[in-house]
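See structure below.
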Amino acid sequence: MKMIMAVIRPEKFDAVKQALADKGYFGMTVTEVSGRGEQRGVCLQYRGKPIHVDVIQKTEIQLTTCDEKADEVIDIIRTTACSGRIGDGRIFVVPVEKAITIRTGEVFY
Amino acid sequence: MKMIMAVIRPEKFDAVKQALADKGYFGMTVTEVSGRGEQRGVCLQYRGKPIHVDVIQKTEIQLTTCDEKADEVIDIIRTTACSGRIGDGRIFVVPVEKAITIRTGEVFY
Amino acid sequence: MKMIMAVIRPEKFDAVKQALADKGYFGMTVTEVSGRGEQRGVCLQYRGKPIHVDVIQKTEIQLTTCDEKADEVIDIIRTTACSGRIGDGRIFVVPVEKAITIRTGEVFY
Amino acid sequence: MAIDSGSTAFLLICTALVTLMVPALGLFYGGLVRKKNIISMVFLSFLALSIVSIQWVLFGYSLSFGPDIGGLIGGLDYAGLIGIGMEDTIVEGIPDILFIAFQMIFAGLSLAIITSGFAERVKLASFIVFGLLWTTLVYDPLAHWAWGGGWAHALGALDFAGGTVVHISAGFGALAAAFVIGKRSGFGETKMVSAPQNIPLTLLGAGLLWVGWFGFNGGSALAADGIAALAVMNTALAAASGALIWMIVSSIKSKPSAVGLVSGALAGLVGITPAAGYVEIFPAIIIGGIASLVCYYALIFRVKKGWDESLDAWAIHGVGGLWGAIATGIFASSALAGVGGLIEGNFMQFAVNAGDAIIAVVFSFIMTYIIALAVKKVMGLRVSEIEEDLGLDISNHGERA
Amino acid sequence: MAIDSGSTAFLLICTALVTLMVPALGLFYGGLVRKKNIISMVFLSFLALSIVSIQWVLFGYSLSFGPDIGGLIGGLDYAGLIGIGMEDTIVEGIPDILFIAFQMIFAGLSLAIITSGFAERVKLASFIVFGLLWTTLVYDPLAHWAWGGGWAHALGALDFAGGTVVHISAGFGALAAAFVIGKRSGFGETKMVSAPQNIPLTLLGAGLLWVGWFGFNGGSALAADGIAALAVMNTALAAASGALIWMIVSSIKSKPSAVGLVSGALAGLVGITPAAGYVEIFPAIIIGGIASLVCYYALIFRVKKGWDESLDAWAIHGVGGLWGAIATGIFASSALAGVGGLIEGNFMQFAVNAGDAIIAVVFSFIMTYIIALAVKKVMGLRVSEIEEDLGLDISNHGERA
Amino acid sequence: MAIDSGSTAFLLICTALVTLMVPALGLFYGGLVRKKNIISMVFLSFLALSIVSIQWVLFGYSLSFGPDIGGLIGGLDYAGLIGIGMEDTIVEGIPDILFIAFQMIFAGLSLAIITSGFAERVKLASFIVFGLLWTTLVYDPLAHWAWGGGWAHALGALDFAGGTVVHISAGFGALAAAFVIGKRSGFGETKMVSAPQNIPLTLLGAGLLWVGWFGFNGGSALAADGIAALAVMNTALAAASGALIWMIVSSIKSKPSAVGLVSGALAGLVGITPAAGYVEIFPAIIIGGIASLVCYYALIFRVKKGWDESLDAWAIHGVGGLWGAIATGIFASSALAGVGGLIEGNFMQFAVNAGDAIIAVVFSFIMTYIIALAVKKVMGLRVSEIEEDLGLDISNHGERA
Ligand SMILES: Nc1ncnc2c1ncn2[C@@H]1O[C@H](COP(=O)(O)OP(=O)(O)O)[C@@H](O)[C@H]1O
Ligand SMILES: Nc1ncnc2c1ncn2[C@@H]1O[C@H](COP(=O)(O)OP(=O)(O)O)[C@@H](O)[C@H]1O
Ligand SMILES: Nc1ncnc2c1ncn2[C@@H]1O[C@H](COP(=O)(O)OP(=O)(O)O)[C@@H](O)[C@H]1O
């Protein structure tokens, strides 16, 4: 299985959640995070001087799914979360050895 | 090593923490998260109409341990966190290549 | 790629962030977490009785980087975050299969 | 006599201060429950004030302060506030409508206090029905007895600002309500259900309650005079000694918590309520301190018993109010109250006050129990297990904190 | 006449209570926006009060209450409060300086209300310029018309505590401002932009507003008398009925939310503002309830139209104020207001009040539109897209909540 | 003379407003520290009020306002408030007990201000001992000097509402305390230790302080009259100009922060405190503005020096109070204060006020230093390193925010 960890704009979360649900992906775990991108954050001007603003609020989605579906999930998130502006975020794919449903005890590999 | 990522009910956290301690597992990292399950969240009735409630508050435990002990930890969490009702959560097992104790610099594989 | 997950003291975050930036590591995702160490938390005395305090506020940094640079990143974090006192935290290294930049769609392996 | 602008100014602002206690209480309670129920606690406070306000002008005031019927209840002569104007026929120097407004907020606040017993599990519609019944069948009679010419009034029971009317009734009512509605799921099993979850919110609420209480007790003098001044001073001192005593006693067993400190202050404030304008300052300090002690042990007792009246309206308002009523019978100064208490050798006053308080305890507990039970039978009191699980914020209000 | 210490005491404290409404409004608004803009909303409220205070003593007061020029505006005779002292030449029994202070906070609060229309996207410097112009060109004339001897005053339009002056002006002004500045990026696409994000903060703000309103309406009696008492009672009742009606109507379609409950209370409070001391208590309950209804549908309408005036100054203050002004013309009691409304058969009063309100609507909408447009052309009203993205807390203030 | 119900009403409510400043200050401070110390800041504020209240009625009041002994201190004749009643022998028209209550809260608030210097590192028991000593040895003498018939009073130093007594004493005391207790671990190394962590909480606290200050300064007129009105107006204006000036000056170097805005307002409020009822409105605006400037640079200076008095009681209360005392000597109007200041050519008054302020600075700094040092030697002032690391919420109170 794969855990897809996607850091996105909080404003995009609703759309991503909906897009995933439309394709039948319901399960996910969501965390409020903050982050800084490779650009060293966003650069604002103040009285002529540049100010770097980093560690901006983001939303992280953790979604575990089987290997075959991972690419579809990534695709859904990527297209829905993209605004084209700096700060759209990243998706990381981490291998998961197994997943257990606590209620039923079912184990998925 | 393995990182056990368990998403559980906040109400179960105390019990799980205690059960782990009883078996000698002290180290853990805890995050407040929210989540939606495979059931599309919980369904309530309001004036005859169904309302899906999702993205419910959960607690995520990250516990890294050596390969041999992973199953015991999973078992402790699973049995203690289980209420039998929808929303009990999931446990994911992720491989960890190494773990470093910052204070001492010790590295575990 | 590797995801470096470092749980550190909140007070050390600024220094770690700066130290990483100095070496050109800008991207990171930060989460407020709390944690308990192997020592069973910190032990205070109150009227002669010991009180264990655990699940203390920490900051978790997730930083994904290519395999070669992982050790340098770990080193920067380890040396900067270390105070030598109990509670300095841990660094975990998790394999990442791929990383996607949402804005551009670029994929890194 | 003509309207006295000073006393009117005072009571107008005191009405605002007592109104402040309503959201304050909601925030205080909200900080003590789990995050998923914060909104619902504040909602219930606002709702309590709103429904009681309408009830009050329709018939509640008349039941409380209307012409006495057999010492038990007021007649409906003033229903809809018919014939009420801006003269000062009720209290010298104060417009009648203002007296009624001030008393209205008291009634609303009492219902807000009782929400403690329903915390994190009550059905919204049932609370509304319960609230209307409770105000009508418990609060209004008690207000009549003490202040509206009822039997307690006739016997000379002293209750300056509502020790029996507000605090005993709501405190013991909350306990009855908690018994009828049953424990929250997980209560006793997991610490989380009983530990305060958002302490800064609770402290904010407590701070506003503390300030509002100056209006609650001071305003009950119904004039801006020396008695009001004494009531305010006594209120401040009882809060201080209550806070300190709780800090001290609680620090024997564990670290002195901030929730404890303000609980002690509130206990002191409740304790001084029936006595505020009737006792000197040293008795006030003692009453506040003992209130804190008594409430502290009541709380410990409740926890031991495993009663899920977890925001402690019973331990603080109920028990504190009971102690306050008795203490008024002990410490009342004849120079202030017109009649002395036990320390002046007047056993009679002590007996009357204690008797009155005990009857109020019994009456409000039993009556509330019956009302809650009736609502439970007819429409259910409690949300479903799954709704409780999700929290009332989502289940009752569709919102998240 | 001599200063009346009671009325002076009352108005002094009412000034404090109205001041409390300023941070209260900031917190109320702050809880409705995204976390990255909370600080900016509170900042704008404090800022509004600060700049208007200075403007007021420099010339705003004089424009509002100076010697009438053609029914339209006051003269600059009192600019800098020249010649203003501590006698009671303006209102009997109240020091002149106190009347001016009380009115000053009203003006500040009005500008704070209007920040709703600029939420999450306004440039700080532009807001300051806009604020000065708006207060001078919209608020001051309206205050003059209604209370300072202007044409509305002369015609006998009734506005007890500022239904037209404060609420219509700020509410319709906020709508105009929202039109000129344009929608927030992402508005309509993502729920997050329009859903309240920190409801406890909003409830806290609402609670403080509720309490402050007692000073706002009560203080407008300008004396601690029966009228003030009635105004406070009516205020409490209108809030209660507003809250209940919103809860009921909104629960037809969805669960009754806490934000809805307090929105209803605020709608009721706005509705009763122009009528508070002029109507009896049952009309007050009705006015509050209908205000809630009207504002609820205005809000629904706004959402449908996709207008991004998302903290609903328009729907609550604007529409509620309009209804209140009309309702005052309907329900005014001649015993209280000196002149009866429509229900007493006085169509004239109804027409005057309605006409006055409509002119206030048109004037404040158009004037605000022009001012906002002028500021936009000259210096820009809106932060850059990237700054909006980051949130005003960081972009305007370099801070994080 | 008889009790004046208007003035009594006013002072009763002002007592409540000043009490509101205590939790307000706690929340203000709480928002500036790290999350792990929020609760402890609010706790200390409540605690300060509680212990000082008891100290005050036992002997503090008597030390402050008892029969003068050599210009330095009051006698113990009124210890336990013996013989104090509800007549108006102290201030005409106000019950004695009310005057004492009002002054009591001032004393409590002063100790609460000083907690800034101990932030995030003080041992609870040591704070209690320190607090009792400080109130007795620093506050009470200063109150006696200025208001109780001491030397400063005799010389005619003007201090309307406590510029020297409250603000200089607590501000310079906080600095001394900070020096004795030492820097927080990590101070200077990590931004987190000095940056505000919960700004909405701080803004809420500031808003409540702003409102409470109307009671603080207004109430100090001890009557509901024109002077009280002027004091309230001046208070509002000084806050406004303070806020604006800080916004402007601070925006030269960085974005204008909300914490800055309210710091400026507080600076203005502190500055106007000793002058509130003694100066005209334009001087009030100037005093507030300059207070803001001075405090801003004091803060910058403190940061540069690396002093860990990080909640800036010194920079705002201390320096602002010093400026205010001097400014009173400059701007006092003889029509208001009975004696003119420097601008009326009265150099003497300026010298007296400045001298008095400087003596207050020296006295409170040195005395506090000695007291803190003594407590440190005897029982330690500071928690252990590990407790500081964990935060006082857990270490001192066993709680988490
Ligand atoms: N190397 C990284 N490791 C972990 N998280 C990262 C990394 N780089 C970026 N992120 C996360 O992605 C978010 C968006 O990054 P950013 O570089 O601003 O996006 P973009 O490249 O699309 O402009 C950051 O806020 C951070 O949370
Ligand atoms: N596919 C998934 N990926 C990540 N987290 C998940 C996934 N499915 C469920 N979760 C987490 O588990 C929690 C409980 O899921 P749920 O399906 O309601 O439990 P159950 O199946 O026991 O009823 C969710 O709130 C979510 O946080
Ligand atoms: N086994 C573990 N799994 C996950 N996180 C851990 C584990 N052990 C420690 N941590 C994290 O590291 C933090 C510091 O641990 P601690 O043992 O106190 O550090 P140290 O060993 O340096 O004293 C904890 O608060 C927790 O968040």
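Convention: sequence-line order gives letters A, B, ...; per-chain numbering from 1.
Looking at every heavy atom in both residues, D:I13 comes nearest to E:C14 through CD1-SG, 4.3 Å. What you find for E:G6 and D:A9 is that their closest heavy atoms are O-CB, 3.3 Å. Shown here for D:N396 and E:K255, the closest heavy-atom pair between the two residues is O-CB, 3.6 Å. E:S7 and D:S5 make their closest contact through N-OG, 3.8 Å (heavy atoms, listed as atom of the first residue, atom of the second, distance).
With a 4.5 Å cut-off on non-hydrogen atoms, D:L44 does not touch chain E at all. Neither the backbone nor the side chain of E:S254 comes within less than 4.5 Å of any heavy atom in chain D. Neither the backbone nor the side chain of D:I84 has a heavy atom closer than 4.5 Å to any heavy atom of chain E. Heavy atoms closer than 4.5 Å to chain D are found in the side chain of E:I281, but not in its backbone. With a 4.5 Å cut-off on non-hydrogen atoms, D:I51 touches chain E through its backbone and its side chain both. Looking at D:L58, the atoms closer than 4.5 Å to chain E (heavy atoms on both sides) all sit in the side chain, from C-beta outward. With a 4.5 angstrom heavy-atom cutoff, D:L20 touches chain E via backbone and side-chain atoms both. Within the 4.5 angstrom heavy-atom criterion, only side-chain atoms of D:I128, from C-beta onward, approach chain E. For E:L11, no part lies under 4.5 angstrom from a heavy atom of chain D. Only the side chain of E:W210 comes within contact range of chain D, judged by heavy atoms closer than 4.5 Å. Of the atoms belonging to E:V262, it is side-chain heavy atoms, and not backbone ones, that fall under 4.5 Å from chain D.
Note that CG of D:L17 is 10.5 Å distant from CZ of E:F214, once rounded to the nearest 0.5 Å. Interatomic distance, CG of E:D225 versus CD1 of D:I3, reported as 8.0 Å (0.5 Å rounding). One finds the CG atom of D:D4 at 8.5 Å from the CG atom of E:D4 (value rounded to the nearest 0.5 Å). Remark: E:E280 CD to D:I97 CD1 distance equals 8.0 Å, nearest 0.5 Å. For the atom pair CE (E:M233) and CG (D:L12), the distance works out to 11.5 Å, reported to the nearest 0.5 Å. Atom-to-atom distance recorded for D:I54:CD1 and E:I285:CD1 is 4.0 Å, nearest 0.5 angstrom.
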Could you go through D:M41 and E:L203, starting from their C-alpha distance and side-chain angles, then the distance that decides it, and tell me whether this counts as side-chain contact (heavy atoms from CB on, under 4.5 Å)?
CA-CA 11 Å; D:M41 291 314 301; E:L203 297 180; over 6 Å; no

For a side-chain contact (heavy atoms from CB on, under 4.5 Å) check, start with the C-alpha distance between E:F10 and D:T8, then their side-chain angles and the critical distance, and finish with the verdict.
CA-CA 8 Å; E:F10 181 52; D:T8 300; over 6 Å; no

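Ranked by heavy-atom pairs under 4.5 Å with chain E, the list D:I94, D:L27, D:D96, D:I39 is led by D:I39. Note on E:P200, E:S257, E:G226, E:G260: by heavy-atom pairs under 4.5 Å with chain D, the leading option is E:S257. Options D:N198, D:V57, D:L49, D:L98 differ in how many heavy-atom pairs under 4.5 Å they form with chain E, and the most are formed by D:V57. When the candidates E:V232, E:L208, E:I199, E:V259 are compared by the number of heavy-atom contacts under 4.5 Å with chain D, E:I199 comes out ahead. With respect to chain E, the highest number of heavy-atom pairs below 4.5 Å among D:M104, D:E399, D:E87 belongs to D:E399. Among E:A195, E:P256, E:A206, the residue making the largest number of heavy-atom pairs under 4.5 Å with chain D is E:P256. When each of D:G398, D:S45, D:G80 is checked for heavy-atom pairs under 4.5 Å with chain E, D:G80 comes out on top. Taking chain D as the reference chain and counting heavy-atom pairs below 4.5 Å, the highest number among E:A240, E:A236, E:G31 is found for E:A240.
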